[in-house]
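Here the structure is laid out as structure tokens; the discussion comes afterwards.
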Amino acid sequence: MGHTNDSVVSEFVLLGLSNSWELQLFFFAIFSSIYVASLLGNVMIIVIISCDSQLSSPMYFLLGHLSFIDICQSNFATPKMLVDFFVEHKTISFEGCMAQIFLLHSFVGSEMMLLVAMAYDRFIAICKPLRYGTIMSRKLCVIFVSISWAVGILHSVSHLAFTVDLPFCGPNEVDSFFCDLPLVIELACMDTYKMEIMTLTNSGLISLSCFLALIISYTIILATVWRRSSSGSSKALSTLTAHITVVILFFGPCIYFYIWPFSRLSVDKFLSIFYIVCTPLLNPIIYSLRNEDVKAAMRKLRNRHVTSWKN
């Protein structure tokens with residue numbers, strides 16, 4: 001990735017979360033714990049789903065890919081943020097900054113589409129249970145995953161194609177702990193109003209369209225579940241609650257950022273922390289720890305290892 005001859009900025013300065021040494025140590029302790037927990041949790045989910053044949057259904061296939069995306073999202077900016085807590089002059093190269101923008105929007109766009117696919121899976125399982133095995137084939141699941149990655153990457157490229165050639169000639173300070181697209185665009189030495197509208201339209205449309213699709217899907221599913229009174233419906237309702245919780249916590253900050261994308265408040269920096277650092281932990285906590293099948297598979301895997309260790 002290169003930039004135009006008008007661009008003299010070769011690196012950006014990340015202002016981070018705080019200038020206080022004590023606060024930075026506190027943040028390091030908290031966020032490093034969350035980072036390790038999210039990595040271990042999502043790796044554990046992938047391992048359990050891969051090892052347990054009873055978790056071979058489409059729902060767990062998609063859940064495993066969600067964990068993979070969350071692992072990717074955990075690693076595009078968080079490790080650098082943790083290292084930067086011990087660095088006085090926090091910098092990132094121009095290429096590194098563009099890479100962060102590309103990776104963020106690729107992972108977020110892919111996760112949005114994958115959440116829609118997971119909602120469709122629950123819709124078929126609950127509203128058309130007799131046709132579930134026919135409709136939700138492994139081939140369709142692979143298509144869903146491929147489409148989610150394709151949409152995420154195309155969404156990201158559409159941003160980067162306009163950003164990488166902007167003239168950056170100073171200042172070069174980004175008031176965040178990573179290269180956030182709206183904050184980087186503001187640093188360009190030109191009128192960025194059209195770019196701001198383009199960014200709002202691109203990210204806002206994909207966020208709102210996915211969110212509305214999810215709301216409509218889960219509304220129909222909940223209406224179907226509430227008409228039933230069986231124990232199976234109770235289990236379905238528990239699963240749906242987990243799905244809806246993740247959707248709200250994932251889309252809430254995202255939609256907020258693109259309602260007021262270029263008028264940032266101090267609280268926005270900490271919402272970014274939640275979105276980038278804490279969101280990958282939602283999958284292990286909400287989906288898995290509340291899922292009896294996953295917990296049973298965890299116990300089975302643990303007992304298998306304990307038995308082999310004793311022998």
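Excluded from the calculations below are hydrogen atoms, water molecules and symmetry mates; all remaining heavy atoms, backbone and side chain alike, are included.
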### Side chain to side chain, P284 and M44, heavy atoms closer than 4.5 Å
no
### Task
Measure the CG-CG distance between L14 and D84 for me, rounded to the nearest 0.5 Å.
6.0 Å
### Message
Starting from V43, can I reach I286 by hopping between I/L/V/M/F/W/Y residues whose side chains sit under 4.5 Å apart?
### Response
yes
### Criterion side-chain contact (heavy atoms from CB on, under 4.5 Å) on L62 and L66, from CA distance to verdict
CA-CA 6 Å; L62 297 174; L66 181 65; over 6 Å; no
### Task
Check whether any side-chain N or O of N42 sits under 3.5 Å from a backbone N or O of F68 as a donor-acceptor pair, and report yes or no.
no
#### Entry: Main-chain N/O of V87 paired to K90 side chain as donor or acceptor, under 3.5 Å
yes
### Summary
Rounded to the nearest 0.5 angstrom, the CG-CD1 distance for L55 and I48 is 8.0 Å
### Query
Is a donor on one side and an acceptor on the other found under 3.5 Å between the side chain of S137 and the backbone of T134?
no
### Task
Say whether L205 and L212 are linked into one hydrophobic cluster, either directly or through other cluster members, by side-chain heavy-atom distances under 4.5 angstrom.
no
### Message
In this structure, would Y218 and I220 fall into the same cluster of hydrophobic residues linked by side-chain contacts under 4.5 Å?
### Response
yes
#### Entry: Backbone N/O of F274 and side chain of T279: donor-acceptor pair under 3.5 Å
yes
### Task
Can you see which heavy atom on Y60 is nearest to which on I49, and at what distance?
O-CD1, 3.2 Å
### Message
So does M195 get a backbone contact from the side chain of T192, meaning a donor-acceptor N/O pair under 3.5 Å?
### Response
no
#### Entry: T78 side-chain N/O to N75 backbone N/O, donor-acceptor pair under 3.5 Å
no
For a quick test of your reading: what N or O donor-acceptor pairs under 3.5 Å do the side chains of residues 139-148 make, sequence neighbours left out?
{"from": "S146", "atom 1": "OG", "to": "V142", "atom 2": "O", "distance (Å)": "2.8"}
{"from": "S148", "atom 1": "OG", "to": "V145", "atom 2": "O", "distance (Å)": "2.6"}

### Task
If the plane angle is over 60° it's perpendicular, under 30° parallel, otherwise tilted; pick one for F28 and F85.
perpendicular
### Task
Report the distance from atom CG of D175 to atom CG of L187, rounding to the nearest 0.5 Å.
10.0 Å
### Query
Taking everything shown except F26 itself, do over 12 heavy atoms lie less than 6.0 Å from its CZ?
no
### Query
So do C210 and M113 actually touch side chain to side chain, heavy atoms under 4.5 Å?
yes
### Query
Within the distance-only criterion (no hydrogens, no angle test), does the side chain of Q73 pair as donor or acceptor with the backbone N or O of Y275 below 3.5 angstrom?
yes
#### Entry: L281 reachable from V36 in the ILVMFWY side-chain graph, under 4.5 Å edges
yes
### Query
With no hydrogens and no angle check, is any side-chain donor or acceptor of S74 less than 3.5 Å from a backbone partner on D70?
yes
### Query
With a 4.5 Å heavy-atom cut-off, do K80 and F177 have their side chains touching?
no
### Query
Going through the checks in order, is the side chain to side chain donor-acceptor pair (under 3.5 Å) test met by Y132 and D121?
CA-CA 8 Å; Y132 180 74; D121 170 74; 2.5 Å; yes
### Validation row: I46, I71 side chains within 4.5 angstrom (heavy atoms)
yes
### Query
With the 4.5 Å side-chain cut-off for hydrophobic clustering, are F178 and L15 part of the same group?
no
### Query
What distance do F107 atom CZ and C72 atom SG have between them, rounded to the nearest 0.5 Å?
4.5 Å
### Query
Tell me, do Q54 and K300 make a side-chain contact under 4.5 Å, heavy atoms counted?
yes
### Query
Do F31 and M81 have side-chain heavy atoms sitting under 4.5 Å apart?
yes
### Message
Within the structure provided, determine whether S18 and F27 are in side-chain contact (heavy-atom separation under 4.5 Å).
### Response
yes
